[in-house]
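Structure first, commentary second.
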Amino acid sequence: MVTDLQINEDLDIFLDGANDLATISGIEQLEQSTALDVLNQAQQFSGGRLTGTNVGLLEERVRTSLESDPQIENVVDVSVAEYNTDTGAVQLDVVVTNNEDFTIELIL
């Protein structure tokens, strides 16, 4: 399992309740890593008109990010399942061949 430093909404590291650097692992780490990889594309998605092209570009960028992650063996499909305009959260369904399928949520 991969563990990274956790960052906050300002993209800064911070201290946890034990006064240590906060860390993150599991699906939360995968979400954070993917969100950082797709930051530029995500800003275009949330900042402009919602179009099929924007959705397609975001899905492709997330797929590329996940394919480069050593925790994921083979990505079959990534698709936007839900977009909450109030919170800026996008839920993406991810289908893989050698792991369990999962949903990640990116806050844009």
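Quick caveat: nothing in here was measured; it's all calculated off a predicted structure.
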> When rounded to the nearest 0.5 angstrom, what distance separates CG in Leu39 from CG in Leu106?
Replying inline: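 Taking CG in Leu39 and CG in Leu106, the distance rounds to 10.0 Å.
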> Measuring from Ser25:OG to Asp4:CG, what's the distance to the nearest 0.5 Å?
Replying inline: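 Here the rounded value is 9.0 Å.
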Could you tell me if the side chain of [Y] sits less than 4.5 Å from the side chain of [X], heavy atoms only?
| X | Y | result |
| --- | --- | --- |
| Leu66 | Val78 | yes |
| Leu36 | Leu11 | yes |
| Leu21 | Leu15 | yes |
| Thr3 | Ile24 | no |
| Gln32 | Ile7 | yes |
| Ser33 | Asp69 | yes |
| Glu82 | Glu105 | no |

>> Would you say Ser79 and Asp93 are linked by a side-chain donor-acceptor pair, where the criterion is simply a distance under 3.5 Å?
In response: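 No, no side-chain donor-acceptor pair sits under 3.5 Å.
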>> As a quick check of understanding, evaluate side chain to side chain donor-acceptor pair (under 3.5 Å) for Gln29 and Gln71, giving each step before the final call.
In response: CA-CA 11 Å; Gln29 183 278 332; Gln71 300 173 92; 2.8 Å; yes
Check: [Y] main-chain N/O paired with [X] side-chain donor or acceptor under 3.5 Å:
| X | Y | answer |
| --- | --- | --- |
| Glu59 | Val80 | yes |
| Asp101 | Val96 | yes |
| Asp10 | Asp12 | no |
| Ser65 | Arg61 | no |

>> Run the side-chain contact (heavy atoms from CB on, under 4.5 Å) test against Ile27 and tell me which residues pass, sequence neighbours left out.
In response: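 Ile27 satisfies side-chain contact (heavy atoms from CB on, under 4.5 Å) with Leu30, Glu31, Phe102, Ile104 once adjacent residues are dropped.
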> Who are the side-chain contact (heavy atoms from CB on, under 4.5 Å) partners of Asn74, not counting sequence neighbours?
Replying inline: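 Result, side-chain contact (heavy atoms from CB on, under 4.5 Å) vs Asn74: Thr97.
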> Can you check side chain to side chain contact (heavy atoms under 4.5 Å, CB included) on Gln91 and Thr103, steps first, answer last?
Replying inline: CA-CA 7 Å; Gln91 289 186 352; Thr103 298; 4.1 Å; yes
>> Quick check on the hydrophobic clustering: are Leu92 and Val76 connected, directly or via other members, by side-chain heavy-atom contacts under 4.5 Å?
In response: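 Hydrophobic grouping puts Leu92 apart from Val76.
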> Got a salt bridge between Arg63 and Glu67, using NZ or NE/NH1/NH2 to carboxylate O under 4.0 Å?
Replying inline: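 Salt bridge flag = yes for Glu67 with Arg63.
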> Take atom CD in Glu73; do more than 12 heavy atoms of anything else shown fall under 6.0 Å from it?
Replying inline: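 Check fails, neighbour count at 12 or below.
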